[in-house]
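The block underneath contains the structure these notes are about, expressed in structure tokens.
Below, chains carry the letters A, B, ... as their sequence lines are ordered, and counting in each starts from 1. These numbers were taken from a predicted model, which means no experiment stands behind them.
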Amino acid sequence: MNSLLIDSSNPSFDALRDDNLKNSIEKSHPIKSKVISKKINNVDTDIAMSCFADTIFLTISQNQKFNTWIRASKSDGILLDEPSYQIDTLLGNNQDVLFSIYARQLIENIGETSNKSLMLSISVTDKSKDTFKQILSIIFENKIW
Amino acid sequence: MESLRITDDLDSIDPNIRIEKHIDNFEDTRIYFMFYIFKSQDAPIFIWVSDSPTFSTLSVSMKIPMEKLPITSHLLESSSINSNDSSNSLSQRIVIKFKVQTFLSYSISQDIPEMSHFIEKTIFDLLSKYLKK
């Protein structure tokens with residue numbers, strides 16, 4: 001059997017050790033996360049998702065900011081069988097209906113399989129319908145809930 | 001809503017945001033940390049720290065010209081007043097030291113000064129490392 005000499009002064013050894021540590025933390029950390037970054041209609045778009053026990057935290061950013069924060073939740077309908085949704089803007093622009101529509105589409109999707117709330121931070125510069133559709137597509141194709 | 005098309009043909013790019021995670025122990029308590037860090041030096045940061053995997057509080061702190069100390073606003077309040085006080089002072093100190101707008105979700109079930117101090121020191125050490133990259 002060949003002996004394996006590990007040179008601890010080797011920078012690649014440090015990188016390997018850091019990677020191993022990172023993988024170990026990722027496995028034992030209770031919050032599962034994912035980052036997806038795409039160019040949508042020529043605009044860099046970052047989507048980060050984290051899955052908490054009670055909340056799905058989604059960040060959609062096209063300019064490296066968090067900007068508007070919206071909390072959304074689902075509750076059982078009182079009179080009808082249809083569930084009702086509460087959408088609250090915690091910080092930022094509460095006049096732009098587009099952000100509420102993002103939140104509503106997302107909480108409806110989350111609500112199909114869980115009772116978790118949604119915490120959405122959204123900062124989009126391209127407010128076109130096409131970008132809206134593509135961002136939601138990416139999220140639904142890569143969802144972690 | 002119309003059906004959404006598959007987005008495999010979109011170009012992937014180098015992410016402008018990364019998520020850093022950390023786990024530490026204070027005596028018998030396991031404390032979890034998570035950081036959202038954008039590439040840009042001036043970009044805001046998000047920090048989550050808790051002893052349980054829930055998202056129950058959120059505050060924002062930032063420096064403004066009219067005030068000496070950064071202002072803090074609670075967007076999602078914890079039922080514990082102590083938790084709010086700890087999170088207030090912590091987020092203000094983060095803004096002063098690192099000079100970035102800070103969103104903080106801080107939820108620790110025990111109010112022990114030594115634990116708060118340990119958490120703050122851990123966050124400062126980690127941010128010093130993460131914000132250099």
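In the model, A/Ser50 has a side-chain atom that pairs as donor or acceptor with a side-chain atom of B/Tyr36 under 3.5 Å. When only modelled atom types and interatomic distance are considered, A/Ser128 and A/Asp130 share no side-chain donor-acceptor pair under 3.5 Å. For the residue pair B/Ser61 / B/Ser91, a side-chain donor-acceptor distance below 3.5 Å is found, with atom types taken as modelled. Under the 3.5 Å distance criterion, with hydrogens and angles disregarded, no donor-acceptor pair is assigned to the side chains of B/Thr54 and A/Asp54. Side-chain atoms of B/Gln92 and B/Asn88 include no donor-acceptor pair closer than 3.5 Å.
Listed options A/Ser33, A/Ser121, A/Ser28 were ranked by heavy-atom pairs under 4.5 angstrom with chain B; first place goes to A/Ser33. Annotation: maximal heavy-atom pairing with chain B below 4.5 Å, among A/Lys116, A/Lys65, A/Lys34, occurs at A/Lys65. Each of A/Val35, A/Ile36, A/Asp88, A/Ile31 has some count of heavy-atom pairs under 4.5 Å with chain B, and the biggest count is that of A/Ile31.
Ring-centre distance between A/Phe57 and A/Trp69: below the 6.0 Å cut-off.
Residues of residues 89-102 of chain A that come within less than 4.5 angstrom of chain B, heavy atom to heavy atom, are A/Leu90, A/Leu91 in numerical order. Within residues 42-51 of chain B, the residues that have a heavy atom under 4.5 Å from a heavy atom of chain A are B/Ala43, B/Pro44, B/Ile45, B/Phe46, B/Trp48, listed by number.
A salt bridge is defined here as a Lys NZ or Arg NE, NH1 or NH2 lying under 4.0 Å from an Asp or Glu carboxylate O, and B/Asp125 with B/Lys121 meets this definition. Between A/Lys143 and A/Glu141 there is no salt bridge, since no side-chain N of the basic residue sits under 4.0 Å from a carboxylate O of the acidic one.
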Could you walk me through whether A/Thr59 and A/Ser61 pass side chain to side chain donor-acceptor pair (under 3.5 Å), step by step? CA-CA 6 Å; A/Thr59 294; A/Ser61 184; over 6 Å; no
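For B/Asn16, the side-chain contact (heavy atoms from CB on, under 4.5 Å) test picks out A/Asp44, A/Asp46, A/Gln64, B/Ile13, B/Lys39, with sequence neighbours left out. Residues that satisfy the ring pair (Phe, Tyr, Trp, His ring centres under 6.0 Å) test with A/Tyr85, not counting sequence neighbours, are absent from this structure.
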